[in-house]
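Below, chains carry the letters A, B, ... as their sequence lines are ordered, and counting in each starts from 1. Below, each value reflects all heavy atoms present in this structure, side chains not excepted, and no hydrogens, waters or symmetry copies.
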Amino acid sequence: MEYNFKEIEKKWKKYWEENHIYKVETDKSKPKYYVLDMFPYPSGAGLHVGHPLGYIASDIYARYKRLQGFNVLHPMGYDSYGLPAEQYAIQTGQHPEVTTINNINRYRQQLDKIGFCFDWDREVRTCDPKYYKWTQWAFIKMFKSYFNTELKKARPIEELVKIISEKGTENIPAHCTEEIKVSADEWNQMSKKEKNQLLMNYRIAYLGETLVNWCPKLGTVLANDEVSEGISLRGGYPVEQKLMKQWCLRVSAYAERLLNGLDTIDWTESIKETQRNWIGRSEGAEMIFPLAGKNEGMKIFTTRADTIFGVTFMVLAPESEYVEKVVTSSQKDEVEKYLDQVKHRTERERIADRKVTGVFTGSNAINPVTGKEIPIYISDYVLAGYGTGAIMAVPAHDSRDYAFAKHFNLPIIPLIEGCDVSEESFDAKDGIMMNSSNEKLQLNGLKVKEAIAKTKVFISEAGIGKVKVNYRLRDAIFSRQRYWGEPFPVFYDEDGQPQVLEENELPLELPKIDQFKPTETGEPPLGRAKNWKAKNGQPLELCTMPGFAGSSAYYLRYMDPHNDEALVSKEADEYWRNVDVYVGGTEHATGHLIYSRFWNKFLYDYGYVCEPEPFKKLINQGMIQGRSNFVYRIKDTNKFVSLNLKKDYDVTPIHVDVNIVSNDILDTEKFKLWRPEFKDAEFVLEDGKYVCGYAVEKMSKSMFNVVNPDDVVDNYGADTLRLYEMFLGPIEQSKPWDTNGIDGVNRFLKKLWYQFYKGDQFIITDEKASPEALKSLHKLIKKVTGDIETFSYNTSVSAFMICVNELSAMKCHSKEIYQELIVLLTPFAPHISEELWHAMGNESTVCDAKWPKWNEEYLKESKVTYAVSFNGKTRFTIEVDADMPREELEKEALANPIAQKWMEGKTPRKIIVVPKKIINVVI
RNA sequence: GCCCGGAUGGUGGAAUGGUAGACACGAAGGACUUAAAAUCCUUUGGCCAUUGCGGCUGUGUGGGUUCAAGCCCCACUCCGGGUACCA
């Protein structure tokens, strides 16, 4: 019998589906295990060979855990709201829902071909009202909450209202956008509208006027992680800073917990480091600099309090609220000119053109330690969003301040012994302090680190400032001026103040509209919806939620996907708890993986979930790049020259479809049919073949290097695809896709198959397994078990090849061996495993088999080979009895004639025998 | 600039400080075949010897630690990724 993968795979897929093999239920008699993939956004291009890399890896792990007796949750769904479907709708008028469903169906077809063990009964789609009901529900909860800075958790807003009505807002334990002082009396006399406005300052989901990344081309606001270097990640359009009223999530309140939580989870150091940088904790001091001639101060943040004696000027961000207060009438015109100029620069221009710019405000501040007056400037190198939007400038020890001081000719005072500041600043936090003592504070002679500590103590004691921890992490901007997203469960009351709907009004369904552009008046597309009003007739919010809204809690919904009463029932949550292994790309490090953790922590605060972290272990799969092929056309002809002959000609390289190239050899007949202009192509061959050039590039349609998994499955079968993708190299490594080695794994499967069948005869027998065969098998069990645990699948695949080669050489056809081998292979190649499993007479599915354990007894050697080295260099090997005592072993080694040669008659100084089976003789 | 990775044959890649290059691809030669495909066998880091068993050399560069370094330490070069006027 031939290894007919097409029939086999079809047969078992049907069997698995009809018998609901992969259906999972809560089962308290078994330990749970939750293996999750980052669900895909169903794009129009379909699945390419890069997607399944992670899915196969997680599928192997899920199947392995199941074989080990765990109750494994391994679901899949679709992140189905997003910009591309909406952009497509604007261009073609096709409703995004239609596009999305088509794409989902295509994805499903492609996924089904690969033989994953997903429980499709648990599928979620973020655009399904039954699903986004719970996205809206969480938003309402966030709106009705504030973050208590003493308890460090979310609490109902009513508790805060009570505190304010009793004590006012001074020193209240609530995370806020800005500090606002309101006494209890003032609060109690406020109107409903005023109270609502004030509470916005504290809510976890709040409407705030903030600087946002506005992308005019996309007509929407973007989050920080959706923008890179002033360019939108989707579409690549310029982004500008704009002050707008937007829904925000108070993620910054959770900065400390998000940071500390990283120490409790098993993620790669590199991605934890990325998150740490993104959260950006910096310990420093907040200091007040009095304004000259005024009874007011200016608050700044610094991590270098020790450099206070070197402060020669102050700088404000252009958007700083202090600007108004310090600009003098004489400088007013110039400042306004500057602010105007800054405003009209896009983020990108600002980054590209990093010239020193700035303007003097006319006012001075007083250095609180030295008492000296120093000028206050405005410059866009100071960011409004970080710290207090104002800095003390120390040109000698900060490169940006240095550049500014040089440009405006401001004094530079060096503070560290021996540093040279004639050409550049000395930024390192290292050295001995000088020029830094007066009657108030003495830092001279101290090391920088000591000086920082001493200054911090001094400023809090002297009442000049306080020690402060600052985070770079900003609140998430949660509004998008788009149609294809979750509607906010929000309406605007008679005061124009936002109010949330009642929970029993959810889901608030996205209305159907027929045009997807913003309205003529510039409102978001939802402005076109008829009767977009709450039950009470008041207008509903026109913005929708961003992409990360729906993906922030989907892992919880999989636990209990059909529950209409709760996001997840307590019972389901307490059983499944959190994700044991999460597989996905690193590109979500500062987006989804932060938002999900935030969202989970918020739900945790109220006890809706029982684990503080959503993803215990994270595996990052690398990207699969494209491998493009080129043909070389001789200029002005229709003649193509093979790679190694092209140097003799003047040629133009042309991208050629990789699907008509095999191992860099062009199929010339297919090439002629590929495009009409190549119909009459002629070739200059080498050794009768046309060899193509290649390059590693991004996988894209325009480079003709996209490989669909379907094509590979059609040619080689799903099992070969699965094995090959794992064999390609370590899972976390990025690599170009090429099929050069795929024949190898395909041959392996065939070889295995022919251990079972000779001609039409089934040749597995009940004969007893030989010790060699048992040893080979148990070596494999040990290796594969260890490898799967560490996700080293590539070496596992090699181990299978070695084992089958050994068994084949032994002519072993013992059922005893293959029963266990097939179970081991099941996670990697489930179809062929199922087929051979049944061929051996097993009734039930191999998915319910038991993962074998290895027996060290079988692995024991009677004879052992030692490598004998002289001064560390191995010269020969000897084979001895495994239990030979050390002295005899040394004698045996030295008795060898080759040993005599290397010793040159000398006596060894030392002989080292290592458990690794090495004898090193030091002469 | 800062942070994190990485560098091993023609290629993808193996090597808890202990015989570097497992396994696979490709290539070369051979067997079977009228032929091709498929399959099987042999060789395959480089250099030298190959009527000698073998020898030398070799993991980006230069040092160091060690009986022993691809692996550890120091300095450097190059490549990849993340991030940035973050005070």
Taking atom P in both B:C72 and B:U59, what distance in whole Å separates the two?
16 Å
What distance, rounded to whole Å, do you find between the two P atoms, one in B:U57 and one in B:A69?
13 Å
Pair assignment for B:C2, Watson-Crick or G-U wobble, requiring both distances under 3.5 Å:
B:G82
Need the pair for B:G58. Rule: Watson-Crick or G-U wobble, both distances under 3.5 Å, any strand; none if unpaired.
none
Give one of base, sugar-phosphate or nothing for A:K272, where a contact means two heavy atoms less than 4.0 Å apart.
nothing
Between the base of B:C25 and the side chain of A:N740, is there any donor-acceptor pair under 3.5 Å?
no
How would you label the contact of A:N794 with the nucleic acid (heavy atoms, under 4.0 Å): base, sugar-phosphate, or nothing?
sugar-phosphate
For a quick test of reading the model: is some side-chain N or O of A:R747 closer than 4.0 Å to OP1 or OP2 of B:A38?
no
Could you work out the separation of B:G55 and B:G60 based on their P atoms and round it to a whole Å?
25 Å
G-U wobble or Watson-Crick pairing nucleotide for B:G17 (cut-off 3.5 Å, both distances)
none
Do A:P908 and A:E890 make a side-chain contact, defined as non-hydrogen atoms from C-beta onward lying under 4.5 Å apart?
no
Just checking A:I391: base, sugar-phosphate only, or nothing, at a heavy-atom cut-off of under 4.0 Å?
base
With a 4.5 Å limit on heavy-atom distance, are the side chains of A:V745 and A:M801 in contact?
yes
Could you work out the separation of B:U77 and B:U61 based on their P atoms and round it to a whole Å?
15 Å
For B:U42, give the paired nucleotide (Watson-Crick: N1-N3 plus N6-O4 or O6-N4; G-U: N1-O2 and O6-N3; both under 3.5 Å), or none.
B:A28
Indicate, with a heavy-atom threshold strictly under 4.0 Å, whether A:R875 touches base, sugar-phosphate, or nothing.
sugar-phosphate
Identify whether any heavy atom of A:V382 sits under 4.0 Å from a base atom; if not, whether one sits that close to sugar-phosphate; answer base, sugar-phosphate or nothing.
base
Scan every strand shown for a Watson-Crick or G-U wobble partner of B:A7, both distances under 3.5 Å, and answer none if you come up empty.
B:U77
With a non-hydrogen cut-off below 4.0 angstrom, is A:I912 in contact with a base, only sugar-phosphate, or nothing?
base
With a 4.0 Å cut-off on heavy atoms, is A:W902 in touch with a base, just the backbone sugar-phosphate, or nothing at all?
sugar-phosphate
Below 4.0 angstrom from OP1 or OP2 of B:A24, is there any side-chain N or O of A:N805?
yes
Classify the nucleic acid contact of A:T874 as base, sugar-phosphate or nothing, counting any heavy atom under 4.0 Å across all strands shown.
sugar-phosphate
With under 30° as parallel and over 60° as perpendicular, where do the rings of A:F313 and A:F404 fit, or are they tilted in between?
parallel
In whole angstrom, give me the gap between the C1' atoms of B:A31 and B:A38.
14 Å
Base, sugar-phosphate or nothing for A:R276? Non-hydrogen atoms, less than 4.0 Å.
nothing
Base partner of B:G12, which must satisfy Watson-Crick or wobble distances under 3.5 Å:
B:C23
Using the C1' atom as the reference point in each nucleotide, state the distance between B:G70 and B:G18 in Å, no decimals.
13 Å
Could you tell me whether the phosphate oxygens of B:G6, OP1 or OP2, come under 4.0 Å of any side-chain nitrogen or oxygen in A:Q733?
no
Checking understanding here: a glycosidic angle within 90° of 0 is syn, the rest anti, so what is B:G9?
syn
Base, sugar-phosphate or nothing for A:P915? Non-hydrogen atoms, less than 4.0 Å.
nothing
